[in-house]
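Below is one structure, written out as structure tokens, with a few remarks after it.
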Amino acid sequence: ETGVTQSPTHLIKTRGQQVTLRCSSQSGHNTVSWYQQALGQGPQFIFQYYREEENGRGNFPPRFSGLQFPNYSSELNVNALELDDSALYLCATQGGGGYTFGSGTRLTVV
Amino acid sequence: AQKVTQAQTEISVVEKEDVTLDCVYETRDTTYYLFWYKQPPSGELVFLIRRNSFDEQNEISGRYSWNFQKSTSSFNFTITASQVVDSAVYFCALSEARRSNYQLIWGAGTKLIIKP
């Protein structure tokens, strides 16, 4: 148990649909990052939120968007899903120089 | 450009053998951090170690040890007397201080298989 909880754990969506993934932390750290990990690859940085503001973004199109709430929980939204969006989505909180990851949401787009 | 290379895609050894996982990185930053994470089949990334660029001391933690060499831009990870429970995918990652968000740049991972 890492203290970072992601929901749902698995999800199947149809191409063109929209999806919302959620992340919450017991620690109350004010920084959360989202990563996409395609099968057999290392994670790729999507974006980070710090105190409810986006603080850096990787090479992902605008249809990937996020939110961070006053309790520091976070959402990742993906619009107009594509087959290539099928991946494990990981969120991580940062604090004390370290990163704590959740178990991820496995998204399958069909 | 910043980059992390894990050239070994998959390694298979018999239990109790020693195994070394290689990691080579590229960065223009003088201040950076290197990490190793373990990812078992459950998918969760388990933190193993963080090293900053000013600390080249090798580190040992039980059966795990890390060799950081700035001269060759490498940060290798050795498991001594491997066990079946060590089977997982291992990732090396880099974080640069010049990026305010300290985003992690990951290698492709090395799948380690420990046979009984």
Side-chain angles (χ1 to χ4, degrees), chain A residues 1-11 21 23 27 29-51 53-60 66 68 74 87-108, chain B residues 1-10 21-26 31-55 61 75 77 88-113:
Chain A
E1 181 63 44
T2 66
V4 177
T5 303
Q6 292 188 242
S7 62
T9 54
H10 294 84
L11 200 52
L21 311 182
C23 174
S27 66
H29 289 145
N30 57 17
T31 302
V32 64
S33 300
W34 285 89
Y35 289 81
Q36 180 196 65
Q37 186 179 15
L39 197 61
Q41 298 182 21
Q44 298 291 318
F45 176 71
I46 303 175
F47 45 56
Q48 182 189 92
Y49 277 81
Y50 172 67
R51 294 185 176 179
E53 297 285 333
E54 188 177 290
N55 180 36
R57 186 179 187 94
N59 189 25
F60 282 83
Q68 187 182 30
S74 177
L88 180 67
Y89 289 84
L90 295 156
C91 80
T93 60
Q94 290 172 241
Y99 302 80
T100 303
F101 284 85
S103 297
T105 294
R106 186 161 297 282
L107 173 65
T108 302
Chain B
Q2 64 284 353
K3 186 179 178 181
V4 175
T5 301
Q6 293 180 257
Q8 303 151 309
T9 305
E10 183 174 306
L21 310 182
D22 297 334
C23 173
V24 175
Y25 63 92
E26 296 177 30
T31 303
Y32 53 89
Y33 303 88
L34 295 165
F35 300 78
W36 276 95
Y37 280 86
K38 174 182 180 180
Q39 189 175 45
S42 61
E44 181 181 319
L45 284 161
V46 179
F47 169 79
L48 296 177
I49 190 171
R50 181 185 89 145
R51 238 330 162 238
N52 74 55
S53 51
F54 299 108
D55 183 1
S61 176
F75 186 43
F77 172 34
V89 180
Y90 290 85
F91 290 96
C92 179
L94 165 71
S95 172
E96 299 170 312
R98 66 183 176 91
R99 298 176 187 271
S100 62
N101 56 30
Y102 289 90
Q103 67 185 78
L104 291 169
I105 299 154
W106 299 79
T110 297
K111 184 176 183 179
L112 179 62
I113 300 169

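The six-membered or imidazole ring of A:F47 lies away from that of A:F45, with a centre-to-centre distance of 6.0 Å or more. Checked against a 6.0 Å centroid threshold, the rings of A:F101 and B:W106 count as neighbours.
Within the 4.5 angstrom heavy-atom criterion, only side-chain atoms of A:Q48, from C-beta onward, approach chain B. Proximity to chain A is limited to the side chain of B:Y37, based on heavy atoms less than 4.5 angstrom apart. For chain B, no part of A:Q6 is nearby; none of its heavy atoms comes within less than 4.5 Å. Contacts between B:Q6 and chain A at a heavy-atom distance below 4.5 Å are absent for every atom of the residue. Heavy atoms closer than 4.5 Å to chain A are found in the side chain of B:S95, but not in its backbone.
The side chain to side chain contact (heavy atoms under 4.5 Å, CB included) test with B:I105 is passed by exactly one of B:E26, B:K3, B:E96: B:E96.
Note: B:W36 and B:F77 have tilted aromatic rings, judged against thresholds of 30 and 60 degrees for the angle between ring planes.
A donor atom on one side chain and an acceptor atom on the other are found under 3.5 Å apart for A:Q94 and A:S33.
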